[in-house]
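Heads up, the thing below is written out as structure tokens.
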Amino acid sequence: MVTINERIERVTALVSGLRLASVDLESLYSNKNLTPLESVEVFLSEQQRLRTEKQTLIRRKRANLPSEKTLETFDFGFQRSVSREQMLRLYDMTWVEQAFNICFLGPPGIGKTHLALALAVQALNLGYAVAFTTLDELMVTLKTSQISTASKRRIKILNSAALVIIDEVGFMPLSTMEANLFFGFVSSMAEKTSLIITSNKGFDEWADFLGDATITTAILDRLIHHCEILNMTGNSYRLQHRKTITQY
Ligand code: ADP
Ligand code: MG
């Protein structure tokens with residue numbers, strides 16, 4: 001005769017052997033109101049809940065967002081070249097399903113990264129795989145892909161994402177080799193993955209930092225084919241809302 005404690009031990013061993021999440025078997029056992037089938041249902045739905053929770057955490061970690069921004073904290077009264085309605089229309093993520101791109105263009109401090117992050121957070125909440133990188137980081141990742149396991153892993157994450165955010169495009173001039181790597185990356189994403197690009201340079205200035213007119217045309221051609229372009233203007237939120245040490 002197997003005692004109840006032995007039974008719990010055996011079930012616990014099975015749960016861990018099957019790599020399921022550990023659940024409170026004692027309370028499941030002591031709930032006398034449940035029929036055997038109901039117990040199975042409670043057990044499995046708890047497993048499903050824990051798995052979803054774990055996947056959500058993993059997805060958030062892989063996304064590597066520098067911070068989580070939302071539209072609630074965005075002052076559309078201050079930034080008038082984009083409307084809340086415009087952003088909310090993008091919140092259903094149908095454009096990600098269609099592998100459309102979004103470009104936020106405009107001077108520093110006007111909320112390009114904030115809005116890109118708000119869309120990234122919404123995509124994560126809806127269950128999409130997301131990956132955030134700056135162009136600088138992307139260059140390092142691509143250049144070290146042959147020698148670094150961390151870069152290899154990052155590239156896998158970028159390749160399997162439904163939405164990739166490339167932040168700060170245009171801050172630094174690229175070498176010809178880097179411009180080619182950027183073109184290769186944008187091409188590999190085309191029609192399959194949505195890109196959100198933020199840039200402090202208008203498209204007419206891209207050749208300046210990409211260094212080559214042909215490669216610029218090739219990159220923009222891929223990027224703009226299916227793309228929502230948000231030309232943003234205005235003053236820097238950072239400068240207007242500058243906090244000083246003595247203010248506190
Ligand atoms: P950009 O990417 O255009 O340089 P950011 O999105 O990084 O600018 O914005 C700079 C900082 O100011 C961030 O902390 C951001 O959250 C904040 N910010 C910018 N615009 C707004 C806005 N309209 N309302 C609230 N916060 C804003
Ligand atoms: Mg930015």
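Each ligand, and each atom within it, is numbered from 1 in the order the structure gives.
Among all non-hydrogen protein atoms, the one lying nearest atom 12 (O) of ligand 1 is Y237 CD2, 3.3 Å. Looking only at heavy atoms of the protein, atom 4 (O) of ligand 1 is closest to G109 N, 2.7 Å. Residue, atom and distance of the protein heavy atom nearest to atom 23 (N) of ligand 1 are D75 O, 2.9 Å.
Judged purely by distance below 3.5 Å, without hydrogens or angles, the side chains of E68 and T70 never pair a donor atom with an acceptor atom.
Ranked by closest heavy atom to atom 2 (O) of ligand 1, the top entry among T113, L239, N235 is T113. When R80, H114, Q79, R238 are checked for heavy-atom proximity to atom 15 (C) of ligand 1, H114 turns out nearest.
For a threshold of 3.5 Å applied to N or O pairs, the pair formed by G111 and ligand 1 contains at least one separation below that value. Looking at F76 next to ligand 1, no N or O pair under 3.5 Å apart turns up. Residue F74 has no N or O atom closer than 3.5 Å to an N or O atom of ligand 1.
Interface atoms of ligand 1 facing P108, defined by a heavy-atom separation under 4.0 Å, are 4 (O).
For the Mg ion (ligand 2), the set of nearby N, O or S atoms under 2.8 Å includes none belonging to N200.
By the 4.0 Å N-to-carboxylate-O rule, E137 lies too far from R154 to be salt-bridged with it.
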Tell me, with the steps shown, if E53 and R49 meet salt bridge (Lys or Arg N to Asp or Glu O under 4.0 Å).
CA-CA 6 Å; E53 204 174 88; R49 191 187 65 79; 3.0 Å; yes
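Applying the ring pair (Phe, Tyr, Trp, His ring centres under 6.0 Å) rule to Y237 yields the partners F78, H241; only residues at least two apart in sequence or on another chain are considered.
Residue K69 touches ligand 1 through its side chain alone, judged by heavy-atom distances below 4.0 Å.
Using a 4.0 angstrom heavy-atom cutoff, T73 counts as in contact with ligand 1.
Two residues are said to be in side-chain contact when any heavy atoms from C-beta on lie closer than 4.5 Å; V169 and F209 meet this criterion. Within the 4.5 Å cutoff, the side chain of N235 has no heavy atoms near those of the I110 side chain. Looking at heavy atoms from C-beta onward, I196 lies in side-chain contact with L163 at the 4.5 angstrom threshold. The side-chain heavy atoms of D208 and K201, taken from C-beta on, include no pair separated by under 4.5 Å.
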